[in-house]
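Along the sequence shown, the residues carry numbers beginning at 1. Atoms within a ligand are numbered from 1 in the order they appear, just like the ligands themselves.
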Amino acid sequence: MAKEDQGLAIGIDLGTTYSCVAVLQEHLNRVEIIHNDQGDNTTPSCVAFTDHERMIGNTAKNQAATNPQNTVFDAKRLIGRKYSDDIVQKDKMLWPFKVIAGADDKPIIVVQYKGEEKQLCAEEVSSMILGKMRGIAEAFLEKPVKNAVVTVPAYFNDSQRKATIDAGAIAGLNVVRIISEPTAAAIAYGLDRRNSCVEKRNIFVFDLGGGTFDVSLLTIKDKNYHVKATAGNSHLGGEDIDNKMVKYFVKEFKRKNKVDISDNPRALRRLRTACERAKRTLSFAITSNVEVDALFQGIDFYSSMTRARFEEINLELFEECMETVERCLTDAKMEKSSVHDVVLVGGSSRIPKVQQLLQDFFIGQDLCKSINPDEAVAYGAAVQATLLSEGIKNVPDLVILDVTPLSLGISANVGKLMSVVIPKNTTIPVKRTHVYKTLHDNQSAVDICVYEGERTRACDNNLLGFFKLRGFPRAPRGHPVDVTFVIDENGILSVSAEEKTTGNKNKITITNDKDRLFTKEIERMIQEAEIYKDEDKKFLRKGRAKNGLDDCIYKIRKALKKDDINSLLCSKEKKDICSAINRATNLLDGTNEKDDTVVFEDCLSELQSMLERLKAVDQNA
Ligand code: ADP
Ligand code: MG
C-alpha cells in the first residue's frame, strides 16, 4: 500500500436494513457516496447462503423469497445482545431464519451452506456486510482500504458498540472510531461549525429508516455533542409502509380477479418488491405504476397509486412518528422553538408528507435535507474518518466528541444502590475517580460491581463486570479506595481500583468477556472470512467460465451456419466441433453441478481455439 493511502479512511453507515459507504476525497474537497455494483447508493444489509454460494447485498435480498431460512437480515438487532434478551426473543418470532442460544447465552444464527449446517454469530454476519461495503469502496477508489469509522444508533450500549468493532475486525477493517448515527448526520451538515458554537446549538435528528424509527435531541457546544434525549419505535419504518401498500393491492387484486394471494409468500414477495419501488418513485412523482407480470395463476397485475392515496393509507403511521417527536422534546424538557436545526435521516424521511408534517410541527422551520437522508450518516462518518486519519489526527479541536449513552457506576455499598461514576451523556474520552469508603472496621476486601443504566437499585441495571480488591490495611470504616473509570474514544470502558496506602491495585477492562468475542475467536472468524471470500471468488470464476462457454457455443453455431465456412472444414473438424459443443452443453445443463471450475475452463479454452480457427477460415474464405 502506498504510504499516503495508509491513513485513508472511509465512513460506513451499517444500517439495520440498508448500509451506505462514503469517502471524503480531499483533493476534490467533496464527500463521495459510493454506489455499489448495481449503481445503488445503499446496499441491503442482507447475507444469504445456498448449496453453491454466499451472497451479500442486493443478490441476497433478491433471492430471499425462495430461500427464506438461509437469508439473514436484521443482524444489527442481535449484535451485542444476549439470546435471553426480551428484544431478541420477540424479534426471533418474526424471522424466517433460525436463531439458537450459544455458549454464554450468545445468540447464534443457523443456516445451511453448501449442504452443511453453519453457525454464525451476529458479529460474523455484520462483518460480511462491512466487508461488502469495504469492497464497494475499494472498487471505487481502486486501492485497498483498511480504516473506517462505523456508526451505531445513539442508544447502543457498551457491548453493542464493542461487538460492532469486532465485526469490523473480522472483516479486516480497523474501526478507528464508533460514532452515533445522529451525531454523524449533524457532522455531515457541519452544524458544529455554524455560529462557531459559541452558544449551545440544539439539533433535532429525525431518522425514519427501513425497520426502525429513532429521534434524538442533540446539543453541540464547543464541538462537544450531547445526546439529551432519544425516543423511537424499534419496529416502525419503510417496511411497514411497503406492507400497507401490499395490503391495499392484495384487496384490489381480489376485487378484480376473485383470487386471494394473501397466503402465497412468493406472490406477496414479488408484490412487495414492486410496492417498494413505487413508494420510492412517489417521493418525487405524484403517481406511480405497480406492475407484476403473472403475479398469481398467470394473472398479470397492473395498477397504480397516486401520492394522495399513498399518504392516506399511511397517515396513521406518519402521525405516530410525530407523536414520538413530541415525546422526545417533552423528555428533554425543551420547547420546539428552542430547536435550531432539524435534520432528516433515513430513506423513509425522503417521503414528502413526512417532511411536511415535520415542518408543520416545527412551525415552518427549514429542514436540513440538502444531503440525501439515507446518505447523511455515511457522509458524516466519512468526514469524521478523514479528520481522524493520518496527518490531522493530532489536531484535537477538529475531532468531534461523542457521549456515553448510559450512566456507568458501581455498587459496593449497603442496600446495593448504584453510585454513578460517569453520568449519561458525558463527553468521551473521559476519566473519573470515585472514592469508595469501606463499610466496616478492618474491612480487608471489597467486590466492585460495574453497572450501566439509569435505575437507582444497582441490580435493576445491566451488570457489566466485577472484580475484587483485597489486602486492605487494618483501619476503621470509611477507609478510602479510589475507583477510576476510563472510557476511550470508542466508548470502551476500563475500571480500576486502588488502595493508596498499600498500593494494592486491581483492574478490569469491561470486555464483557461473556458476550464479547475473544481474540482467538476473532482470529478464527477472520480465517473463515478468508475462506468465504475464496469460495465466493471460485464461484465467480466458475460463473465467468459458464458465461464464456455459453457465448462461445452461440458464436460457433452462428459461424457454422455460414456456407463458406462449412464448406472449407473437413469432416473430422466438423465432428470434433460438434462433440465439443455437445460436451459444453452437457456441462452447462448442470447435470453434474459438482464439476470443477477447471473442467469448465478447459472446455472453454478448447471451444475458444475452435472459434479462432473458424474466424481464420472465415477470413480466408
Ligand atoms: P436503515 O433503516 O437500515 O438505516 P435506510 O435509512 O437506508 O436504512 O432506509 C431504508 C428505507 O428507506 C427502506 O424502507 C426504503 O424503501 C426507504 N427508501 C429509500 N429511498 C426512498 C424514497 N425515495 N422514498 C421513500 N422511501 C425510501
Ligand atoms: Mg439508518
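Of all atoms in ligand 1, numbered sequentially from 1 with element shown, those under 4.0 Å from a heavy atom of Thr16 are 3 (O). Remark: ligand 1 atoms within the under-4.0 Å shell around heavy atoms of Ile351 are 25 (C). Within ligand 1, counting atoms from 1 as listed, the ones closer than 4.0 Å to a heavy atom of Gly210 are 1 (P), 2 (O), 8 (O), 9 (O), 10 (C), 11 (C), 13 (C), 14 (O). Of all atoms in ligand 1, listed by their number and element, those nearer than 4.0 Å to a heavy atom of Ser283 are 22 (C), 23 (N), 24 (N), 25 (C). Atoms of ligand 1 lying under 4.0 Å from any heavy atom of Gly346, numbered from 1 in the order shown and given with element: 6 (O). Each of the following atoms of ligand 1 lies closer than 4.0 Å to a heavy atom of Asp374: 7 (O). Atoms of ligand 1 lying under 4.0 Å from any heavy atom of Gly15, numbered from 1 in the order shown and given with element: 3 (O), 4 (O). Every atom of ligand 1 is numbered from 1 in the order shown, and the set under 4.0 Å from a heavy atom of Gly238 is 14 (O).
Going from atom OG1 of Thr230 over to atom CZ of Arg327 covers 9.5 Å, rounded to the nearest 0.5 Å. Of the inter-residue distances, the one linking Gln356 atom CD with Glu311 atom CD reads 7.0 Å to the nearest 0.5 angstrom. If you take CE on Met305 and CZ on Phe249, they are separated by 4.0 Å, rounding to the nearest 0.5 Å. Interatomic distance, NE2 of His35 versus OG1 of Thr43, reported as 10.0 Å (0.5 Å rounding). With values rounded to the nearest 0.5 angstrom, Lys132 atom NZ is found 11.5 Å from Met55 atom CE. With rounding to the nearest 0.5 Å, the separation of OH in Tyr18 from CG in Asp40 is 8.0 Å.
The protein heavy atom nearest to atom 27 (C) of ligand 1 is Gly347 O, 3.3 Å. Ranking the protein heavy atoms by distance from atom 15 (C) of ligand 1 puts Glu276 OE2, 3.3 Å first. Scanning all protein heavy atoms for the shortest distance to atom 20 (N) of ligand 1 gives Arg280 NH1, 3.5 Å. Closest protein heavy atom to atom 23 (N) of ligand 1: Arg350 CD, 3.2 Å.
Taking 4.5 Å as the limit, some side-chain heavy atom of Arg77 sits within range of a side-chain heavy atom of His235.
Checked against a 3.5 angstrom limit, the closest N/O atoms of Lys279 and ligand 1 fall inside it. In terms of N/O distances under 3.5 Å, ligand 1 is not approached by Thr42.
For Glu312, the salt bridge (Lys or Arg N to Asp or Glu O under 4.0 Å) partners two or more places apart in sequence, or in a different chain, are Arg309. Arg134 meets the side-chain hydrogen bond (donor to acceptor under 3.5 Å, both in side chains) test with Glu138; sequence neighbours excluded.
Counting heavy atoms closer than 4.0 Å to ligand 1, residue Thr17 contributes atoms from both its backbone and its side chain.
Ligand 1 has at least one atom lying under 4.0 Å from a heavy atom of Ser348.
When ring centroids are compared, Phe301 and Phe296 stay outside the 6.0 Å threshold.
Ranked by closest heavy atom to atom 7 (O) of ligand 1, the top entry among Phe73, Tyr18, Phe213, Phe310 is Tyr18.
Side-chain atoms of Thr17 and Glu239 include no donor-acceptor pair closer than 3.5 Å.
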